Amino acid sequence: MTTRTTNKDILELIFEIVRMIPRGRVTSYGAIAASIGLRSSARFVGWAMHQASHYKNVPAHRVVNSQGLLSGKHHFTPPEAMQQLLEAEGVAVSNDKVVNFKKLFWDPQAEIQL
DNA sequence: CTACTGACGATCC
DNA sequence: GGGATCGCCAGTA
């Protein structure tokens with residue numbers, strides 16, 4: 001491993017944050033990345049979410065991109081599951097996009113403050 | 001070690 | 001507003 005295994009800590013931290021997302025709320029990859037100090041490495045969060053599928057109790061469906069688009073829905077099974085889950089929590093989704101995403105946006109930095 | 005890819009983001013045009 | 005490019009970090013070939 002050329003990684004020195006710091007990634008695992010960050011990965012768990014990301015999962016912890018995702019689990020903290022309240023029902024009926026959503027957040028973005030970049031917001032999570034920023035909250036863990038990576039700031040501009042939203043891709044890393046996307047990669048982490050991919051690993052999240054391998055984990056349990058990680059509501060990745062509450063994580064969308066900065067546009068509020070369900071960018072990861074294609075990775076769900078079935079892809080429509082993401083929208084179904086969001087709507088079931090009270091998050092309106094239209095055209096694969098979160099309605100009022102700006103209002104429903106949950107900022108990890110403001111809520112965590114460990 | 002280099003190159004490409006990926007659930008992204010911001011910037012440039 | 002939309003397409004294209006770079007940057008970001010880690011993983012895989």
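Below, chains carry the letters A, B, ... as their sequence lines are ordered, and counting in each starts from 1. Since this is a predicted model, take the numbers as computed values, not measurements.
Remark: A/H50 pairs with A/H75 by the ring-ring contact (aromatic ring centres under 6.0 Å, His included) rule, at least two apart or across chains. Shown here are the side chain to side chain donor-acceptor pair (under 3.5 Å) partners of A/E87, two or more places apart in sequence or in another chain: A/Q83. Scanning for side chain to side chain donor-acceptor pair (under 3.5 Å) contacts around A/D96 gives A/K73, with sequence neighbours left out.
Near DNA chain B, defined here as any heavy-atom distance below 4.0 Å, the residues from residues 54-70 of chain A are A/A60, A/N65, A/S66, listed numerically. Within residues 34-42 of chain A, the residues approaching DNA chain C are A/S40, A/S41, by heavy-atom distance under 4.0 Å.
With contacts defined as side-chain heavy-atom distances shorter than 4.5 Å, the pair A/L70/A/V93 qualifies. A/F105 places none of its side-chain heavy atoms less than 4.5 Å from the side chain of A/R25.
Across A/L85, A/V98, A/V64, a single residue satisfies side chain to side chain contact (heavy atoms under 4.5 Å, CB included) together with A/V91, and that is A/V98. A/I17 pairs in a side chain to side chain contact (heavy atoms under 4.5 Å, CB included) with only one of the listed residues (A/I32, A/V45, A/V63), which is A/I32.
The distance between atom CD1 of A/I10 and atom C1' of C/dG11, rounded to the nearest whole Å, is 14 Å.
A/Y29 is connected to A/I10 through a chain of hydrophobic side-chain contacts under 4.5 Å among Ile, Leu, Val, Met, Phe, Trp and Tyr, so both are in one cluster.
Side chains of A/H61 and A/Q84: no donor on one and acceptor on the other come within 3.5 Å.
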Protein N or O to nucleotides 2-6 of chain B N or O, pairs below 3.5 Å:
from	atom 1	to	atom 2	distance (Å)
B/dG6	N7	A/R43	NH1	3.4
B/dG6	O6	A/R43	NH1	3.0

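Ring geometry, A/F15 versus A/Y55: the interplanar angle falls from 30° to 60°, so the pair is classed tilted.
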